[in-house]
Engineer: 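Dropping a structure here in structure tokens format, bear with me for questions.
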Amino acid sequence: MESNGELKRTHKCGELSLDNTGQDIVLMGWVKKRRDHGGVIFLDLRDRSGVVQVVVSPDINVDAFEMADGVRAEYVLAVQGEVRKRPPGTENPKMATGDIEVIAHDIRVLNTARDLPFYPGDAAGVDEALRLRYRYLDLRRPEYWHIFSMRHKAAAIIRDFLSKNGFLELETPLLTRSTPEGARDYLVPSRVHPGEFFALPQSPQLFKQILMIAGFERYFQFARCFRDEDLRADRQPEFTQLDIEMSFVDEADVQELIEEMFVHLFKGLLGIELTRPFPRLTYQGAMARYGTDRPDLRFGLEIVDVSRLLTDSGCRVFADPIKKGGVVRGICVPGGAVFSRKVLDELSALAVEWGARGLAWFILGEKGIRSPLLKLMKPEEVDSLVAEMGAKTGDLLLFVADQSKTAEEVLGLLRLELAKRLNLIDTGVFSFVWITDFPLLEYNEDEQRLEAVHHPFTSPKEEDLPLLETDPERVRARAYDLVLNGIELGGGSIRIHKQEVQKRLFSAIGLKEEDVQDKFGFLIEALEYGAPPHGGIALGFDRMMMTILGLSTIRDVIAFPKTQSATCLLTSAPAPVAEKQLEELYIRTALDEESDGEN
RNA sequence: GGAACUGUGGUGUAGCUGGUUUAACACACCGGCCUGUCAAGCCGGAGAUCGCGGGUUCGAAUCCCGUCAGUUCCGCCA
């Protein structure tokens with residue numbers, strides 16, 4: 001290996017053009033490809049800016065030629081030479097720098113590379129486990145540099161926007177305390193306090209509220225958050241949240257700020273003009289029309305309630321569930337009459353898998369309506385259904401009769417499935433929607449108690465406050481979620497800033513007074529010292545970038561992601577630690593006892 | 001905790017209704033030839049016992065069970 005000696009990099013590979021013709025330059029980068037023609041060697045040299053062809057000929061410099069002879073893919077080189085217009089007929093229109101090439105006068109190997117487990121150029125087709133183990137090779141790809149430069153740019157635009165709007169970027173602790181509610185915590189043992197643990201934050205929620213009490217008025221942070229729950233394609237145990245909090249605001253203030261931020265972001269990042277305001281749907285409306293609280297509004301296929309038309313139906317498939325307090329809801333699929341019996345059977349099977357008893361279908365064919373249920377129904381009943389659904393010849397009607405929750409969920413999933421099958425989703429479209437009026441609390445069957453739908457610091461709507469003790473599940477929250485293309489980017493709320501209300505809420509979710517003091521005493525206390533009205537939002541930054549860039553996994557926007565079993569294949573974390581470390585922390589694992597028990 | 005899919009030289013795949021393959025092909029790798037290629041080309045070569053363990057069988061990459069790893073989904077994720 002040779003040192004780069006006195007050579008200094010003067011140019012970037014991808015930035016060279018005919019303008020540089022005749023210049024004596026020094027490049028540094030990786031060998032993407034070596035083509036040896038015996039008498040002349042071509043090296044494609046890559047750095048972050050791009051690729052350029054280096055020509056090494058013994059006629060120019062024998063030393064350089066001999067050096068190039070031993071060079072292999074992914075060697076790191078310094079190349080000194082002259083930029084030249086390529087000889088006529090040898091230009092490569094597929095390369096950005098295809099009009100020129102660099103004639104090597106001097107080549108120095110800054111570092112060699114072994115045979116690689118895979119080459120960056122092939123990485124797209126390589127097993128993901130291998131790519132994660134050699135993540136540095138996987139990341140040695142222009143696709144990733146683009147993703148991460150977009151991520152960087154997005155963060156920069158947001159920082160700039162928020163700074164100009166009076167927000168301070170502040171940091172909050174990673175070593176904090178475990179609080180009840182929410183996800184499972186990642187714990188960090190305290191050496192100084194044996195037997196006691198810090199928790200890594202699931203979000204900086206309480207700290208940002210306390211910053212408001214401290215009078216900062218406008219705060220933001222790209223906050224690392226940790227949740228020890230199972231992973232998904234769009235969920236990592238460690239992720240980044242764009243965390244924002246403001247004082248003296250209401251829901252509309254937060255929403256307007258965020259909309260304006262996204263307008264800036266999309267313009268700066270993608271050159272796309274978003275239209276404001278974003279549509280708003282109530283939670284109930286979203287559930288009724290789309291069967292989910294994160295509807296994808298890029299296509300129609302809305303759910304329609306037809307229960308009132310079928311209460312007295314002779315068809316028991318419909319009438320019976322309604323009698324038991326259920327509903328009949330359906331979707332009109334324009335052009336769906338072309339679906340084969342096989343497809344309808346598949347859709348029915350899916351509906352059953354999702355919890356429905358079955359799927360009723362009506363095909364509005366050229367020769368009339370077809371349905372297994374037709375002979376069980378009065379013609380005028382069928383006509384009224386068709387009219388209510390706004391269906392016309394060529395359409396397909398699908399119905400689920402069940403309890404409203406089941407019917408909504410099944411039709412919501414069916415709606416997505418149909419959109420996929422009919423290719424109704426325009427991937428170039430960005431469809432934002434605010435979901436509002438969430439219930440504040442919901443009953444958790446497993447734990448036999450009420451829980452906060454968002455978190456227990458969310459303010460109830462003023463007018464629903466009296467219901468907190470009498471009919472808590474009917475209390476609506478001053479909360480809002482932001483949804484993009486059917487993906488929940490995040491949510492926020494106006495917080496409780498009155499101690500009395502906060503205590504009532506803790507009480508409603510069954511937290512005992514002493515627990516409140518123990519776990520949240522600092523907050524309760526802070527609320528007594530002039531806490532301003534405040535609210536904010538937290539947006540999943542990784543998920544946001546994934547959605548904006550049209551990627552199918554969050555791992556692609558995280559440089560060093562975890563596998564589905566929450567391990568890092570690059571570092572092999574987590575891993576056992578030395579006995580001494582455990583002793584210092586007064587920790588003994590239960591593993592030994594367990595294996596003893598099994599043996 | 002549960003379900004599904006995947007696991008064959010360095011990489012990507014084929015084989016997988018059990019035995020005519022000494023497990024095939026492409027790329028990469030090694031050696032040779034070659035002064036204009038950019039998916040360079042031509043000739044030659046090395047390299048896998050089929051994730052791991054067990055079972056069925058005269059015989060297993062191929063069937064069965066278990067297990068590990070990766071992925072997707074359900075539960076979970078205030």
Engineer: Using the P atom in both, what is the distance from B:rU11 to B:rC73, to the nearest Å?
Structural biologist: 26 Å
Engineer: Any salt bridge linking A:D69 with A:R34? Criterion: basic side-chain nitrogen under 4.0 Å from a carboxylate oxygen.
Structural biologist: yes
Engineer: Would you measure the distance from the C1' atom in B:rU20 across to the matching atom in B:rU62 and give it in whole Å?
Structural biologist: 16 Å
Engineer: Are the side chains of A:F118 and A:D138 in contact, using a 4.5 Å heavy-atom criterion?
Structural biologist: yes
Engineer: Contact class for A:P87 vs. all strands (heavy atom < 4.0 Å): base, sugar-phosphate, or nothing?
Structural biologist: base
Engineer: Please work out if A:Q202 contacts a base, only the sugar-phosphate, or nothing of the nucleic acid, heavy-atom cut-off 4.0 Å.
Structural biologist: nothing
Engineer: For B:rG70 and A:S565 - does any side-chain N or O of the residue sit under 4.0 Å from the phosphate oxygens OP1/OP2?
Structural biologist: yes
Engineer: Rounded to the nearest Å, what distance is computed from the CZ atom of residue A:R86 to the C1' atom of nucleotide B:rG36?
Structural biologist: 9 Å
Engineer: Considering only atom P, compute the distance from B:rA4 to B:rC65 and round it to an integer number of Å.
Structural biologist: 11 Å
Engineer: From the options B:rG12, B:rC29, B:rC77, select the nucleotide whose nearest atom is closest to the side chain of A:D127.
Structural biologist: B:rG12
Engineer: Look at all strands and tell whether A:E128 reaches a base, only sugar-phosphate, or nothing, counting heavy atoms closer than 4.0 Å.
Structural biologist: sugar-phosphate
Engineer: Using the side-chain heavy atoms of A:M95, tell me which of these nucleotides is nearest: B:rC38, B:rG70, B:rC34.
Structural biologist: B:rC38
Engineer: Between B:rU11 atom C1' and A:E74 atom CD, what is the distance in whole Å?
Structural biologist: 14 Å
Engineer: By the definition side-chain hydrogen bond (donor to acceptor under 3.5 Å, both in side chains), identify the one residue from A:K32, A:R46, A:K33 that meets it with A:E74.
Structural biologist: A:R46
Engineer: What is the distance, to the nearest angstrom, from the CZ atom on A:R235 to the C1' atom on B:rU71?
Structural biologist: 15 Å
Engineer: Do A:R476 and A:Q284 have side-chain atoms, one donor and one acceptor, less than 3.5 Å apart?
Structural biologist: no
Engineer: Between A:D44 and A:R543, name the one whose nearest nucleotide on RNA chain B is closer to the 5' end.
Structural biologist: A:D44
Engineer: In terms of side-chain heavy atoms, does A:E251 have a donor or acceptor partner in A:T436 at a distance below 3.5 Å?
Structural biologist: no
Engineer: Would you call A:K12 and A:D47 a salt bridge, using N to O less than 4.0 angstrom?
Structural biologist: no
Engineer: Which sits closer to the 5' end of RNA chain B, A:V126 or A:V55, going by the nucleotide each is nearest to?
Structural biologist: A:V126
Engineer: Charged N to carboxylate O below 4.0 Å: is that the case for A:R415 and A:D296?
Structural biologist: no
Engineer: Give a yes or no on whether a salt bridge exists between A:K519 and A:E181, defined as a side-chain N under 4.0 angstrom from a carboxylate O.
Structural biologist: no
Engineer: Select one nucleotide: of B:rC34, B:rU35, B:rG36, the one nearest the side-chain heavy atoms of A:T90.
Structural biologist: B:rG36
Engineer: From the options B:rU35, B:rC34, B:rC38, select the nucleotide whose nearest atom is closest to the side chain of A:P58.
Structural biologist: B:rU35
Engineer: Tell me what A:F457 touches on the nucleic acid: a base, only sugar-phosphate, or nothing, going by heavy atoms under 4.0 Å.
Structural biologist: nothing
Engineer: I need the CG-P distance between A:L43 and B:rC38, as an integer number of Å.
Structural biologist: 15 Å
Engineer: How would you list, by chain and number, every residue that makes a side chain to side chain contact (heavy atoms under 4.5 Å, CB included) with A:S565, sequence neighbours excluded?
Structural biologist: A:T563, A:T567
Engineer: Would you kindly give the CZ-to-P distance between A:R114 and B:rC29, to the nearest whole Å?
Structural biologist: 15 Å
Engineer: What about A:D230: does its side chain form a donor-acceptor pair under 3.5 Å with the base of B:rG75?
Structural biologist: yes
Engineer: Would one find a side-chain N or O of A:T97 under 4.0 angstrom from OP1 or OP2 of B:rC38?
Structural biologist: no
Engineer: Starting from P on B:rU35, measure out to CZ on A:R35 and report it in whole angstrom.
Structural biologist: 16 Å
Engineer: Indicate whether A:H37 forms a stack on B:rA40; treat it as stacked only if centroid distance is below 5.5 angstrom and interplanar angle below 30 degrees.
Structural biologist: yes
Engineer: Could you tell me how far B:rC27 sits from B:rA40 if I compare only their P atoms? Round to whole Å.
Structural biologist: 10 Å
Engineer: Is there ring stacking between A:F118 and B:rU11, where the centres must be under 5.5 angstrom apart and the planes under 30 degrees?
Structural biologist: no
Engineer: Could you give the distance separating B:rG7 and B:rC64 at their P atoms, to the nearest angstrom?
Structural biologist: 14 Å
Engineer: On a whole-Å scale, what distance lies between the P atoms belonging to B:rC25 and B:rC68?
Structural biologist: 36 Å
Engineer: If you measure only the distance, is there a donor-acceptor pair under 3.5 Å linking the side chains of A:R177 and A:T179?
Structural biologist: no
Engineer: Within this structure, what is the CZ-to-C1' distance between A:R232 and B:rC74, rounded to whole angstrom?
Structural biologist: 7 Å
Engineer: When rounded to the nearest Å, what value does the distance between C1' atoms of B:rG10 and B:rA46 take?
Structural biologist: 13 Å
Engineer: Can you measure A:E229 atom CD to B:rG2 atom C1' for me and round it to whole angstrom units?
Structural biologist: 16 Å
Engineer: At 4.0 Å (heavy atoms only), tell me whether A:I509 reaches a base, stays on the sugar-phosphate, or touches nothing.
Structural biologist: nothing
Engineer: With P as the reference atom in both, quote the distance from B:rG2 to B:rU13 in angstrom, rounded to an integer.
Structural biologist: 29 Å
Engineer: Using atom names, set out every protein N or O paired with an N or O of nucleotides 25-27 of chain B below 3.5 Å, distance rounded to 0.1 Å.
Structural biologist:
none

